[in-house]
Number of protein chains: 2
Amino acid sequence: MGTTQAAQGNGAAVADAPEPKYWHLRTVLVRALDSEFSAGEVLPNERDLSARFGVARATLRQALDQLELEGRLVRRRGIGTLVAAPRMGVPVAGTTGRDSWRIVDAGYAPAPAAVAATLGVPADESVHAVRRLRLMHGQAIGAETLYVPETVASHVPAIFARSSIADSSRARSVLRQLQRLELDGESRSVELGVAEEQQARLLERPPGTPVLVLTTRYQAQGGTVAVAVSTYRADMCRLTFGASGVVDVAPAEPVAAEVRTAS
Amino acid sequence: MGTTQAAQGNGAAVADAPEPKYWHLRTVLVRALDSEFSAGEVLPNERDLSARFGVARATLRQALDQLELEGRLVRRRGIGTLVAAPRMGVPVAGTTGRDSWRIVDAGYAPAPAAVAATLGVPADESVHAVRRLRLMHGQAIGAETLYVPETVASHVPAIFARSSIADSSRARSVLRQLQRLELDGESRSVELGVAEEQQARLLERPPGTPVLVLTTRYQAQGGTVAVAVSTYRADMCRLTFGASGVVDVAPAEPVAAEVRTAS
DNA sequence: GAGTGGTCTAGACCACACG
DNA sequence: GTGTGGTCTAGACCACTCT
């Protein structure tokens, strides 16, 4: 090494698979985290770490980015980089379950196009929208917006019925009516997304934070009577489905299972 | 701008929320993608784009990283950056469903600690492991490893019974026996992960690719008789649950729903 | 003020796919 | 060879938190 470049400096395997430095670093750090650190501990700062490993800070950060995506690190501006606690198992309730939710606000406005289509209402028709936060251990881990057409939640007090006043009276009223419905069931989907400004603020994270987007369609009378779009912090949550909403035992972390593949 | 620095150059909002350049760029690009591009189109190359927007290439790439995480872009080395097709709805079958799976191989080896614990077998005890690929439209979208204790799949032909020979005979035998079981149900969980070398190879993606990790616990006779760990490409998949495994209509993309929040 | 992570730059080389 | 994305560097400033 002489010039300015670096790219695949390649410290370990000599000439096989040009493993990127940041990926190798990640592997090293994973091992260190597993053996020498426990949740809540503070890592050395990025400048020290990058010096210790002989890489540029940007490269080190690329490795830390990965680990943060995996939920193994938490970085706090002005504080440092901490070892994250294991992900929480977040039950996805069989019904509009009885968990710790905190109502944020509610309104009456046109739903996003995709939601309107699912609900089978005209694209520009206003619906009730309830926004709430999901809490766990006093932590905001998810933000949800629940969309309910007026035809479903028709008994909203007259004061709110067609206004766009936002408060928790409307929210409570809408939720109550939804719970009273005889639901045929729910269908759900999960995908990866990033938090936009609004969600990011609710989750107390910067915009762009990866989130698990859970979309729930509440079915009744042969149609979809409500849609909920929830965004859960991908770094902290493991969404759990299934008959029992109980705490689950296995974190299922070792993705790269070793399976003997030859004689 | 005169010196070398840049940081919060802040092109738009003058003095309000110091929005990072890359985030602003992302917003601009999202709009462009929505209005001026369609799936499969090739974007201008990164050097041109960064010049056009007056930012460093690294900054542009930060914006593209976000869009790729959201599954809106696909970057192919040596080719270019393409507009991604909308995510596929991937049904998570109610049972060991009849989808397009391709058996990769199978083996007999100790399961990862977490899996062993869930199965209720000693940590060092060998279990059957079947690895298969999930295909959709001829595309590999997920890789799964299924762990079945020997006590459950006991009728494996003698030739494979306790050897570590890996082939599809063992795989088929194990799958057949699992399907014949009377299952009480399955419980599942979904979390975000990154593909390690092995999975990455199967999914034809570089290591570190974000994946949705789906863990399925098959219940029978009051216990867990098998565990499957599946990793799905997070950029291409939307995992769908629910009574009907049918194609779903609403992509639920607009996460940042606009809810009137004041008078 | 000192220390931390977050953002940004300018320039370089590498690995890959194509003609 | 040419063009593309992928990796890496060295150095800088910004925003935040704590003392």
Side-chain angles (χ1 to χ4, degrees), chain A residues 1-11 15-26 41-51 53-68 73-84 200 204-209 235, chain B residues 1-11 15-26 41-51 53-68 73-84 200 204-209 235:
Chain A
M1 298 198 207
T3 74
T4 241
Q5 62 77 43
Q8 320 289 91
N10 210 339
D16 187 46
E19 187 186 44
K21 273 189 187 178
Y22 77 89
W23 183 256
H24 177 253
L25 237 185
R26 185 206 85 108
E41 273 189 74
V42 186
L43 266 60
N45 73 58
E46 298 183 349
R47 287 159 180 93
D48 285 356
L49 279 177
S50 56
F53 289 108
V55 299
R57 192 179 154 215
T59 303
L60 171 76
R61 279 181 61 78
Q62 218 176 332
L64 296 183
D65 284 345
Q66 289 274 349
L67 293 170
E68 196 177 28
L73 292 181
V74 181
R75 292 193 276 189
R76 295 211 196 132
R77 184 190 283 230
I79 306 287
T81 302
L82 318 182
V83 181
E204 296 168 319
R205 296 253 69 196
T209 301
D235 58 335
Chain B
M1 298 201 210
T3 75
T4 242
Q5 62 78 43
Q8 320 289 91
N10 209 339
D16 187 46
E19 187 188 43
K21 273 190 187 177
Y22 77 88
W23 183 256
H24 178 253
L25 237 185
R26 185 203 89 105
E41 272 189 76
V42 186
L43 267 59
N45 73 56
E46 298 183 347
R47 288 158 179 92
D48 284 356
L49 279 177
S50 57
F53 288 109
V55 299
R57 191 179 153 216
T59 303
L60 171 75
R61 278 181 62 78
Q62 218 176 332
L64 296 183
D65 285 345
Q66 289 275 348
L67 293 171
E68 197 177 27
L73 291 182
V74 181
R75 291 194 276 188
R76 294 209 199 134
R77 178 183 232 158
I79 305 287
T81 302
L82 318 183
V83 180
E204 297 168 318
R205 295 253 71 197
T209 300
D235 58 335

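These numbers were taken from a predicted model, which means no experiment stands behind them. Residue numbers begin at 1 in each chain, while the letters A, B, ... track the order of the sequences.
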Which atom pair, heavy atoms only, marks the closest approach of [X] to [Y]?
X       : Y       : answer
B:Pro44 : B:Leu49 : O-CD1, 3.4 Å
B:Arg26 : B:Ala63 : N-CB, 4.0 Å
A:Val55 : A:Leu60 : CG2-N, 4.0 Å

C:dT7 phosphate, OP1 or OP2, under 4.0 Å from B:Tyr22 side-chain N/O: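 Yes, within the criterion.
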
For a quick test of reading the model: is some side-chain N or O of B:Thr59 closer than 4.0 Å to OP1 or OP2 of C:dT9?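 Yes.
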
Given atom [atom1] of [X] and atom [atom2] of [N], what is their separation to the nearest angstrom?
X       : N      : atom1 : atom2 : result
B:Arg75 : C:dA15 : CZ    : P     : 19 Å
A:Lys21 : C:dA15 : NZ    : P     : 13 Å
B:Gln62 : D:dT7  : CD    : C1'   : 15 Å
B:Leu60 : D:dG6  : CG    : P     : 11 Å
A:Arg61 : D:dG11 : CZ    : C1'   : 15 Å
B:Asp65 : C:dG6  : CG    : P     : 15 Å
A:Leu64 : C:dT7  : CG    : P     : 14 Å
B:Leu73 : D:dG5  : CG    : P     : 11 Å

Compare the minimum distances between each of D:dG5, D:dT9, C:dT9 and the side chain of B:Ala56, then state the nucleotide with the smallest one.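 Nucleotide nearest to B:Ala56's side chain: C:dT9.
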
Among the nucleotides D:dG5, D:dA10, C:dT7, which one has an atom lying closest to any side-chain atom of B:Arg57?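 Minimum distance to the B:Arg57 side chain belongs to D:dG5.
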
Test side-chain contact (heavy atoms from CB on, under 4.5 Å) applied to B:Leu43 and B:Leu73, step by step: CA-CA 9 Å; B:Leu43 267 59; B:Leu73 291 182; 4.1 Å; yes

Any donor-acceptor pair under 3.5 Å from A:Ser50 side chain to A:Glu46 backbone: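 Looks like yes, one N/O pair under 3.5 Å.
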
Any A:Arg61 side-chain heavy atom under 4.5 Å of A:Tyr22 side chain: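 Heavy-atom side-chain distance check fails, nothing below 4.5 Å.
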
Pairing residues for B:Asp65 by the salt bridge (charged side-chain N to carboxylate O under 4.0 Å, His left out) criterion, not counting sequence neighbours: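 Listed in chain order: B:Arg75.
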
Could I get a table of every N or O pair under 3.5 Å where one atom is in the protein and the other is in nucleotides 2-4 of chain D?
residue	atom	partner	partner atom	Å
D:dG3	N2	B:Gly78	O	3.1
D:dT4	OP1	B:Asn45	ND2	2.8
D:dT4	OP2	B:Asn45	ND2	3.0
D:dT4	O2	B:Gly78	N	3.2

